[in-house]
Chemist: 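What follows is a single structure, and I will ask about it in a moment.
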Amino acid sequence: MSDLRIALAQINTCVGDIAGNAALILDRCRAAHALGAHVVAFPEMTTTGYPIEDLALRESFQRAAARSVDDIAATLAAEGLGELMVILGTLGVSEGGMPFNQAVVLSGGDVVARYNKHHLPNYGVFDERRIFAAGKEACVVSAASSPVGLAICEDIWQEGGTVAALSGSDLRLLVVLNGSPFEEGKGHTRVELAARRAREVGAPLAYVNMWGGQDDLVFDGHSFIVSAEGEVVASAPGFTDALMIWDVPEAGVPAAPSGIAPDESLDEQTYWACVTGLRDYVLKSGMSKVVLGLSGGIDSALVAAIAADALGGENVIGVSMPSRYSSPHSRDDAMDLAHRIGADYRVQHIMPMVEAFEQQMDLSAVAAENIQARVRGMILMGISNSEGVFTLATGNKSELAVGYSTVYGDAVGAFAPIKDLDKTRVWELSRWRNAFARSRGEVEPIPQSSIDKEPSAELRPDQRDSDSLPDYELLDQVLDAYVEHAEGREELLARGFDAAVVDKVLSLVDRAEWKRRQYPPGPKVTALAFGRDRRLPITSRWVE
């Protein structure tokens, strides 16, 4: 065994659950010690969960975080684990009372070093510059008589600061604590950046990342270690607990690979990100079951499959709510799906309730269609209230973009698992999930007919989504350029898109902001998600 064995503890923390997080930390410390580790490193803000936002400013919360660190150190010493060096993220406080995003080093029952994050991200999902004070000092600790440097997440993304200060320190290892959210395609960027930083400091870099869902953010884990030359020598799978063990070589000695996790496709990662986001939103809210409407269409089918993977099919209530316009194949597909995933399948006909509205109000056209959606929303919320379960909204990103949803109808719910997936991505992930089941010899959860059928809201005779919207493949191409890449009308026309299509799509997107602001949260899996990253002025007078 090497004289310096490090363990990276990839764990799922919960914001505000300081006692629960401490229990996880102690459990992983015991496991790391049993495996012969000299050092165990945890992710960013481990004791408090992340991101804690304005909890950082509450003095009572600050005191609780400080007590937790002291208690962890004392417990480890009392259990005979005091020689284990523990590096973990927590909430620190300056002498002037400003909070720090901090890493502490525990050894011998005490805090032997503190490091405050230098670079505070203030873009995208991050708001740290408003909350935290920035650290200024580098931190090097001695582990097995070897210099080990510390950094926190954004510190390696920015030039200068920590990495520059450590480049001449003859480090044996650089440990980086991370709370880096999942984003499609981001994994390779992390590894490439870490490899560059490892070469800059001339030492291996250990990157430990949290995993789990917190509100609309999902953290994927995928912790890894790169050698001083920038080669991946150890890695953990995503979306699960992991305790990586690696023997740090002496300077100049080639790094031996150990425990390389299999590659995961982008579809696989994105699917499990949605599962993780849903599961943790439900469980961390103190719930255990969900209810959703099953229409027989692809969106509700994928949401139901995600829910079953997240919570178990027995904890999913699927409700078919047919109207006079519901086709027989839609009802059959809904029932088939429920049986495939083992859901609690129910049927509630909506026409008596719809007719009661129609008898009392003179409704026509879209208003009459929307009453059907709103009756369905009331049914789901009634089950939610009476049985104490979460309602899931089943809308996708394409529909949210153009406002193709009914406020207080299909938009009701506590969580929207595919909110950040455009329609074509919904089909792709549905096909991936079925292929994954086949590869394991399991029943495909999603009926093929739900994948193949033409999308329809079935709120009037022979209705098709294409009656109101461009074909989804074309729509998603325009939306990707306009929403994800912020291209304007002139750029879209220069790409070759038809002017009528561009004008219609841009108009729908701009006018639907008020609807999107009322939609439930859902897991952010792309670089730019509605609600978290992008909004437009709520006005029809906005002109690019």
Side-chain angles (χ1 to χ4, degrees), residues 4 6-9 25 29 37-48 50 56 62 65-66 68-70 72-73 76 82-96 98-121 128 132-180 193-194 197-198 200-210 223 225-226 228 248 251:
L4 181 55
I6 185 168
L8 301 187
I25 293 166
C29 286
H38 303 102
V39 178
V40 57
F42 290 86
E44 183 175 7
M45 303 295 287
T46 318
T47 63
T48 62
Y50 182 79
Q62 295 170 0
S68 176
V69 169
D70 292 339
I72 291 168
L76 291 173
E83 293 184 2
L84 177 68
M85 179 174 283
V86 179
I87 305 171
L88 57 88
T90 190
L91 174 63
V93 184
S94 71
E95 292 182 0
M98 279 296 294
F100 286 122
N101 183 330
Q102 188 174 87
V104 293
V105 181
L106 311 181
S107 182
D110 294 314
V111 177
V112 298
R114 296 181 186 271
Y115 169 78
N116 299 316
K117 188 175 183 180
H118 286 200
H119 295 289
L120 303 174
E128 292 198 1
F132 297 113
K136 301 185 187 309
E137 304 296 327
C139 182
V140 178
V141 296
S142 178
S145 302
S146 299
V148 173
L150 302 183
I152 301 176
C153 206
E154 189 74 11
D155 290 338
I156 68 168
W157 289 83
Q158 303 299 326
E159 300 297 332
T162 299
V163 176
L166 295 175
S167 59
S169 300
D170 294 324
L171 297 181
R172 189 169 173 188
L173 180 68
L174 175 59
V175 177
V176 184
L177 282 55
N178 299 273
S180 183
L193 174 69
R197 298 308 186 209
E200 288 177 21
V201 299
L205 185 152
Y207 182 107
V208 58
N209 191 32
M210 67 173 62
S223 302
I225 299 173
V226 293
V248 184

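One is the number of the first residue; the rest follow in order along the sequence. Note that this is a predicted model, so its numbers are computed, not measured.
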Chemist: Give the minimum heavy-atom separation between L205 and A198, together with the two atoms involved.
Modeler: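 Closest heavy-atom pair between L205 and A198: CB-CB, 4.0 Å.
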Chemist: When you measure from the side chain of S169 to the backbone N and O of S167, does any donor-acceptor pair fall under 3.5 Å?
Modeler: no
Chemist: To the nearest 0.5 Å, how far apart are SG in C139 and CD1 in I152?
Modeler: 9.5 Å
Chemist: Do the side chain of N209 and the main chain of S223 share a donor and acceptor less than 3.5 angstrom apart?
Modeler: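 A pair under 3.5 Å: no.
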Chemist: Any non-hydrogen side-chain atom of L91 less than 4.5 Å from a side-chain atom of F100?
Modeler: no
Chemist: What are the two closest heavy atoms between A113 and V141, and how far apart are they?
Modeler: CB-CG1, 3.6 Å
Chemist: Which value, rounded to the nearest 0.5 Å, describes the distance between C29 atom SG and I72 atom CD1?
Modeler: 7.5 Å
Chemist: Taking the side chain as every heavy atom from C-beta outward, state whether I6 and L173 have any atom pair closer than 4.5 Å.
Modeler: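 Of all side-chain heavy-atom pairs linking L173 with I6, at least one is under 4.5 Å.
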Chemist: Assess whether side chain to side chain contact (heavy atoms under 4.5 Å, CB included) is satisfied between Y207 and I156, documenting all intermediate values.
Modeler: CA-CA 10 Å; Y207 182 107; I156 68 168; 4.2 Å; yes
Chemist: Applying side chain to side chain contact (heavy atoms under 4.5 Å, CB included), run through C153 and K117 and close with a yes or a no.
Modeler: CA-CA 8 Å; C153 206; K117 188 175 183 180; 4.2 Å; yes
Chemist: For G161 and H119, which heavy atoms make the closest approach, and how far apart are they?
Modeler: CA-NE2, 3.9 Å
Chemist: Are V86 and L84 side-chain neighbours, meaning at least one heavy-atom pair lies under 4.5 Å?
Modeler: yes
Chemist: Return yes if some donor-acceptor pair links the side-chain N/O of R114 with the main-chain N/O of Q102 below 3.5 Å, else return no.
Modeler: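 It does not hold such a pair.
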Chemist: Side chains of E44 and N178 only: does a donor on one sit below 3.5 Å from an acceptor on the other?
Modeler: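 Judged by distance alone, the side chains do not pair up.
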Chemist: Just wondering, more than 12 heavy atoms not from Q158 lying within 6.0 Å of its CD?
Modeler: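 Atom CD in Q158 is crowded, with more than 12 foreign heavy atoms closer than 6.0 Å.
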Chemist: Do V140 and V148 have side chains that approach each other closer than 4.5 Å (heavy atoms only, starting at C-beta)?
Modeler: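 With C-beta onward as the side chain, the pair stays apart.
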Chemist: Can you tell me how far apart CG (D70) and CG (D110) are? Round to the nearest 0.5 Å.
Modeler: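 Taking CG in D70 and CG in D110, the distance rounds to 8.5 Å.
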Chemist: So do L150 and I87 actually touch side chain to side chain, heavy atoms under 4.5 Å?
Modeler: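 The answer is yes, as the side chains (C-beta and beyond) meet within the 4.5 Å cut-off.
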Chemist: Less than 4.0 Å between a side-chain N and a carboxylate O, is that true for E159 and R197?
Modeler: yes
Chemist: Walk me through whether L8 and I225 qualify under side chain to side chain contact (heavy atoms under 4.5 Å, CB included).
Modeler: CA-CA 9 Å; L8 301 187; I225 299 173; 3.8 Å; yes
Chemist: Given side chains that start at C-beta, do those of R172 and L4 come closer than 4.5 Å, heavy atoms only?
Modeler: yes
Chemist: Considering only heavy atoms from C-beta outward, does the side chain of V163 approach that of W157 to under 4.5 Å?
Modeler: no
Chemist: So, T90 side chain and M45 main chain: donor-acceptor pair closer than 3.5 Å or not?
Modeler: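 Flag not set: sc T90 to bb M45 has no pair under 3.5 Å.
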Chemist: List the atom of A9, the atom of V40, and the distance in Å for their closest heavy-atom pair.
Modeler: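 Minimum heavy-atom contact is CB-CG2, 4.2 Å.
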Chemist: Please assess V105 against M85 for the test side chain to side chain contact (heavy atoms under 4.5 Å, CB included), listing each intermediate value before the final yes or no.
Modeler: CA-CA 7 Å; V105 181; M85 179 174 283; 3.6 Å; yes
Chemist: Side chains of Y115 and N101 only: does a donor on one sit below 3.5 Å from an acceptor on the other?
Modeler: no
Chemist: Determine whether L177 and P43 make a side-chain contact, defined as any pair of heavy atoms from C-beta on separated by less than 4.5 Å.
Modeler: no
